[in-house]
Amino acid sequence: VAVSFDVRKYQFLRWLGRLTVETAALFTLGRMPPMVSTAAIVCRDGDILTIRDTAQGMLVLPGGHLHWRESVEDGLRREVREETGYEIQPVRLLDVFSSSSGFSDRGIIRVIWEARIAGGSERSSSEGAVHWVNVNAAEWRNTRDGGIVRRWLDSSGPSGSRVTAS
């Protein structure tokens with residue numbers, strides 16, 4: 001299967017970013033502040049909006065790192081739009097994870113939001129193809145982000161609806 005230049009570029013930049021962060025952490029003797037990332041749980045008719053991450057090959061929630069001086073909500077909107085084509089509206093803050101939780105990478109704080117689609121149209125990006133995945137799909141349930149969705153369903157579920165994990 002041929003891989004596009006955009007995908008290769010994304011994979012290289014992601015690798016370079018991780019190398020930069022690891023190097024900065026080394027030079028600061030582990031005292032560098034963590035990076036902040038945000039992700040959205042968007043549920044539609046029992047399906048969760050995901051992308052198949054081209055670097056990891058697995059289904060992940062749409063989201064990513066904040067830009068300098070960007071609010072968490074603005075970063076969330078931008079990342080979801082870039083990765084999926086959808087405009088979203090954050091509904092509520094769900095959780096914040098560090099690497100010790102198992103739901104984030106080392107040196108990254110992940111801020112998870114429930115969100116709803118407010119516009120736009122579906123399109124994949126070089127970061128991954130868009131997939132709507134049933135909350136109970138086997139492929140999804142055993143991933144890091146599938147665990148976040150299970151925690152969300154077990155604690156409160158989507159605002160204004162009844163979806164349960166089996």
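FYI, side chains are in, hydrogens and waters are out, and symmetry mates aren't considered; it's all heavy atoms of this structure.
Residues I51 and T84 meet the side-chain proximity criterion, which asks for heavy atoms closer than 4.5 Å. Contact check for E87 versus I117: no side-chain heavy atoms found under the 4.5 Å cut-off. Side-chain atoms of I109 and P34, non-hydrogen and from C-beta on, do get closer than 4.5 Å to each other.
Identified under the salt bridge (Lys or Arg N to Asp or Glu O under 4.0 Å) test for residues 47-63, with sequence neighbours left out: R14-D53, R52-E139. Residues in residues 115-132 take part in no salt bridge (Lys or Arg N to Asp or Glu O under 4.0 Å) pair, two or more places apart or across chains. For residues 70-99, the set of pairs meeting the ring-ring contact (aromatic ring centres under 6.0 Å, His included) definition, not counting sequence neighbours, comprises F97-F103.
Atom CZ of residue R144 and atom CG of residue L61 lie 8.5 Å apart, to the nearest 0.5 angstrom.
Applying the side chain to side chain contact (heavy atoms under 4.5 Å, CB included) test to A129 and every residue at least two apart in sequence or in another chain returns S124, H131. In this view, R78 and H67, E70, R81, E82 satisfy the side chain to side chain contact (heavy atoms under 4.5 Å, CB included) rule, not counting sequence neighbours. Checked against side chain to side chain contact (heavy atoms under 4.5 Å, CB included), V72 has the following partners two or more places apart in sequence or in another chain: T38, L66, V111, W113. In terms of the side-chain hydrogen bond (donor to acceptor under 3.5 Å, both in side chains) criterion, residue partners of S71 (sequence neighbours excluded) are, by chain and number, D74. Applying the side chain to side chain contact (heavy atoms under 4.5 Å, CB included) rule to A115 yields the partners A40, V42, I88; only residues at least two apart in sequence or on another chain are considered.
W152 and W132 end up in different hydrophobic clusters when Ile, Leu, Val, Met, Phe, Trp and Tyr side chains are linked at under 4.5 Å. At a threshold of 4.5 Å between side-chain heavy atoms, the hydrophobic network of Ile, Leu, Val, Met, Phe, Trp and Tyr places I108 and V80 in two separate groups. Hydrophobic cluster membership is shared by V149 and I112, with clusters built from Ile, Leu, Val, Met, Phe, Trp and Tyr side chains linked at under 4.5 angstrom. L19 is connected to F12 through a chain of hydrophobic side-chain contacts under 4.5 Å among Ile, Leu, Val, Met, Phe, Trp and Tyr, so both are in one cluster.
Not one N or O on the side chain of E79 forms a donor-acceptor pair closer than 3.5 Å with the backbone of A39.
Between S37 and H65 the shortest heavy-atom distance is CB-ND1, 3.8 Å. A pairwise comparison of heavy atoms in S101 and S98 identifies OG-O, 2.6 Å as the closest pair.
Each of T143, I148, D145 was evaluated against V60; a single residue qualifies, D145, per the side-chain contact (heavy atoms from CB on, under 4.5 Å) test. Of the listed residues (V135, I48, N136), just one forms a side-chain contact (heavy atoms from CB on, under 4.5 Å) with L153, and that residue is V135.
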